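Chain A is the first sequence line, chain B the second, and so forth, proteins listed ahead of strands; every chain is numbered from 1. Heavy-atom basis, side chains included; hydrogens, waters and symmetry copies ignored. A quick note: this is a predicted structure, and the numbers were derived from the prediction, not measured.
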Amino acid sequence: MDKKTIIKTLEKIALYMELQGENPFKVSAFRKAAQVLELDERSLSEMDNITSLKGIGAATGAVINDLIETGESSLLKEMQESVPGGLLPMLKIPGLGGKKIAKLYKELGVDSIESLKIACEEGKVKGLAGFGAKTEEKILAQLEVFQTKPERTAIWQLEPIVAFIEGILASMDTVVKYSVAGSYRRVKESSKDIDFIVATTLPLKVREELLEKLPLLKVIAAGDTKVSVTLDVENEVDVDFRLVEPHQYASALHHFTGSKDHNIKMRQIAKEKGLKISEYGVEQEDGSVQSFESEKEFYAYFDLPFIPPTIREDGTELNKLEMIPSLVTLEDIKGDFHMHTTWSDGAHSIEEMVEACREKGYSHIVITDHSNYLKVANGLSRERLLQQIEAIHVMNEKYSDIEIFAGTEMDILPDGSLDFDDELLEQLDFVIASIHSSFSQSQDKIMARLRTAIENPHVHMIAHPTGRIIGSRTGYDPDVPTLIEWASEFGKILELNANPHRLDLETVYLKMAQEKGVPIAINTDAHHLDQLRYMDVGVKYAQKAWLHKENIVNTWTLDKFKQYLKK
DNA sequence: GCCGTTTTCGGCCCGACTGTTTTCAGTCG
């Protein structure tokens, strides 16, 4: 019996209990037990007395022992027999929770999405106590959309929408300040919706203005402090606006940035001190409410350092506060080592890229255009690459405040060979190897290709190691833990590709790489000046993985970087 | 269902919005 199965079983039991209209605290006790197991890093065999864990008591302990001994849970089995499985997906319909579904089942025999639809169409639902005509209408409307709408939207799809909304808020003089919040601010790879906090003294006016200016598909809710809408954009997306007084802004931003677990932990800390945290501030025992200028002040009030949004996740961040100063920030970044120019498929000249990087205050960068094989990207032939190296040398004469290194993003070909020979690679300062073809090869073949690159003494780094596009394609299925082992053995860098489409490597592997002492480079892979800004996304994503700044190549000084290249 | 030496019973994070009510339950984040 593995831990994952136990966790899943406990969560499933919680779902079934919810459907039976059980006491919500009982339901959350099972969820909590699952989470306790999840957060405990030990394997099952290393835990001798399971009920000694805080949050696992007699009942959840019995389920776990049942699973270990018999391989299944008799409690879950019993529930599955008495509650139709068809009710489970109904929990995903907005507006329907356990209580209402239980009622629909008991009173009308509704046991699936299909029978729910029929019951609504026949007008039976509105007759139930606690239901009404509006509820029935709403359910029918939800049934139309909810199965076609993806549950979460990828970060790169949300990015332009966030920028668009920020533009609107910036243009409104009724708005004092604003910020995106929620999982987008925490740089999750995908989000269910977008949250915005808006500080204003005229909430009603802001509400009207927003409803007027946004491309609306639907208004979900429009209260005095909260506006929820579905936007009519390419991938329709829900956006929540919370309208607060300026002095409530910091608390509201913290509250709606989450995560939920982080907030619960914070509230427990407050409660121990006789205080109460809400989105409006911190309520004292005498009922007065303390508000804050910034999130930093808010944390300081509880003797805590500023906790970056990216690491506000399962609550365990509060046990690792001493590691926060070692996390990388944008100010630590001294260079970007993967970018393209008009020499291959980039939109700007070398000079334009250099100028933009100078403005960012970088001390060194690497120009890495595509190699010969990648014809669709105008990959550089041997001759053109030699010309480009020369052009970069000439350009270096011009600048005293930035050093430009000549590099390449060399393809690892489908047959496992490298696109350039050693004699040519030797003339480059920095060599990236990456895969852009034959993604569907077997894992053995992919790994053989990567192995060739790792073994080559001229290769410094493997770019976007899995080739994934978030929410769209999984990439080429390398055995990443083995790749990390190899990188460690041969002293190679692995890339954290900062493009929001990729964020490759993902956090679990970044952590693994750090444990093995593999240096990570955060690179924008910019094909356009605009995309150099992705460094910010990459840095935040690295925070999520708790990478130490000294393990990140971009934080090294020019001298240290040069030392590394010489090895 | 779980927890706890100020509690073995009573609370569990906290508040907004909607739709159904006529003071509040359910849902959501």
Between [M] and [N] - [atom1] atom distance, rounded Å:
N      : M      : atom1 : answer
B:dC9  : B:dT5  : C1'   : 15 Å
B:dG29 : B:dT22 : P     : 28 Å
B:dC12 : B:dC17 : C1'   : 23 Å
B:dG11 : B:dT6  : C1'   : 15 Å
B:dT21 : B:dC14 : P     : 30 Å
B:dT20 : B:dG26 : P     : 14 Å

Exercise. So A:Glu18 and A:Arg31, salt bridge (Lys or Arg N to Asp or Glu O under 4.0 Å) or not? Walk me through it.
Worked result: CA-CA 11 Å; A:Glu18 215 177 323; A:Arg31 296 225 163 93; 2.6 Å; yes
Counting side-chain heavy atoms from C-beta on, which of [options] comes nearest to [X]?
X        : options                : value
A:Lys226 : B:dC12, B:dC2, B:dC17  : B:dC17
A:Asp195 : B:dG29, B:dC17, B:dG19 : B:dG29
A:Glu279 : B:dG15, B:dG29, B:dT18 : B:dG15
A:Phe25  : B:dT18, B:dG1, B:dT20  : B:dG1

Seminar exercise, completed: The glycosidic conformation of B:dT5, counting syn as within 90° of 0 and anti otherwise, is anti
Which of [range] sit near DNA chain B, with a heavy atom under 4.0 Å from it?
range                       : value
residues 117-133 of chain A : A:Gly130, A:Phe131, A:Gly132, A:Ala133
residues 75-104 of chain A  : A:Ile93, A:Pro94, A:Gly95, A:Leu96, A:Gly97, A:Gly98, A:Lys99, A:Lys100
residues 292-305 of chain A : none
residues 53-67 of chain A   : A:Leu53, A:Lys54, A:Gly55, A:Ile56, A:Gly57, A:Ala58, A:Ala59, A:Thr60
residues 174-194 of chain A : A:Lys192

Exercise. Would you call the rings of A:Phe292 and A:Phe298 parallel, tilted or perpendicular if under 30° counts as parallel and over 60° as perpendicular?
Worked result: perpendicular
Side-chain ion pair, [X] and [Y], N-O less than 4.0 Å:
X        : Y        : value
A:Arg185 : A:Glu295 : yes
A:Asp303 : A:Lys273 : yes
A:Lys265 : A:Asp261 : no
A:Lys213 : A:Glu209 : yes
A:Glu189 : A:Arg468 : yes
A:Arg42  : A:Asp40  : yes

Problem set entry | Name of the residue among A:Lys100, A:Lys117, A:Lys126 meeting salt bridge (Lys or Arg N to Asp or Glu O under 4.0 Å) with A:Glu136 | A:Lys126
Which part of the nucleic acid, if any, lies within contact of [X], taking any heavy atom under 4.0 Å across all strands shown: a base, the sugar-phosphate backbone alone, or nothing?
X        : result
A:Glu22  : nothing
A:Phe256 : nothing
A:Ala222 : sugar-phosphate
A:Lys276 : sugar-phosphate

Exercise. Going by atom types alone, do A:Thr174 and A:Thr200 pair a side-chain donor with an acceptor below 3.5 Å?
Worked result: no
For this session: Any chance you could lay out the side chain to side chain donor-acceptor pair (under 3.5 Å) test for A:Thr316 and A:Asn319, step after step, and finish with the verdict?
Result: CA-CA 5 Å; A:Thr316 56; A:Asn319 309 329; 5.6 Å; no
Roughly how many Å is it from [atom1] in [X] to [atom2] in [N], rounded to a whole number?
X        : N      : atom1 : atom2 : value
A:Glu245 : B:dA16 : CD    : P     : 13 Å
A:Lys134 : B:dT21 : NZ    : C1'   : 14 Å
A:Asp238 : B:dC28 : CG    : C1'   : 12 Å

For this session: Apply salt bridge (Lys or Arg N to Asp or Glu O under 4.0 Å) to A:Lys134 and list each qualifying residue two or more places apart in sequence or on a separate chain.
Result: none
Exercise. Who passes side-chain hydrogen bond (donor to acceptor under 3.5 Å, both in side chains) against A:Glu122, sequence neighbours left out?
Worked result: A:Lys124
Exercise. Excluding sequence neighbours, so at least two apart, what forms side-chain hydrogen bond (donor to acceptor under 3.5 Å, both in side chains) with A:Thr310?
Worked result: A:Gln543
Strictly by ring pair (Phe, Tyr, Trp, His ring centres under 6.0 Å), give each pair with a member in [range] just once, sequence neighbours left out.
range                       : result
residues 30-82 of chain A   : none
residues 181-218 of chain A : A:Phe196-A:Phe241
residues 34-93 of chain A   : none

For this session: Could you check A:Asp525 against A:Asn499 for side chain to side chain donor-acceptor pair (under 3.5 Å), going step by step and ending with a plain yes or no?
Result: CA-CA 7 Å; A:Asp525 194 356; A:Asn499 188 306; 5.9 Å; no
If you restrict it to nitrogen or oxygen atoms, what contacts under 3.5 Å exist between nucleotides 5-11 of chain B and the protein, and what is each distance?
none

For this session: Compare side-chain N and O positions of A:Thr225 against OP1 and OP2 of B:dC17 and report whether any pair is under 4.0 Å apart.
Result: yes
Exercise. Would you say B:dA16 has OP1 or OP2 under 4.0 Å from some side-chain N or O of A:Tyr280?
Worked result: yes
For this session: Name the residue closer to the 5' end of DNA chain B, choosing between A:Lys260 and A:Lys138 according to the nucleotide with the nearest heavy atom.
Result: A:Lys260
Seminar exercise, completed: As its Watson-Crick or G-U partner within any shown strand, both distances under 3.5 Å, B:dC12 has B:dG1
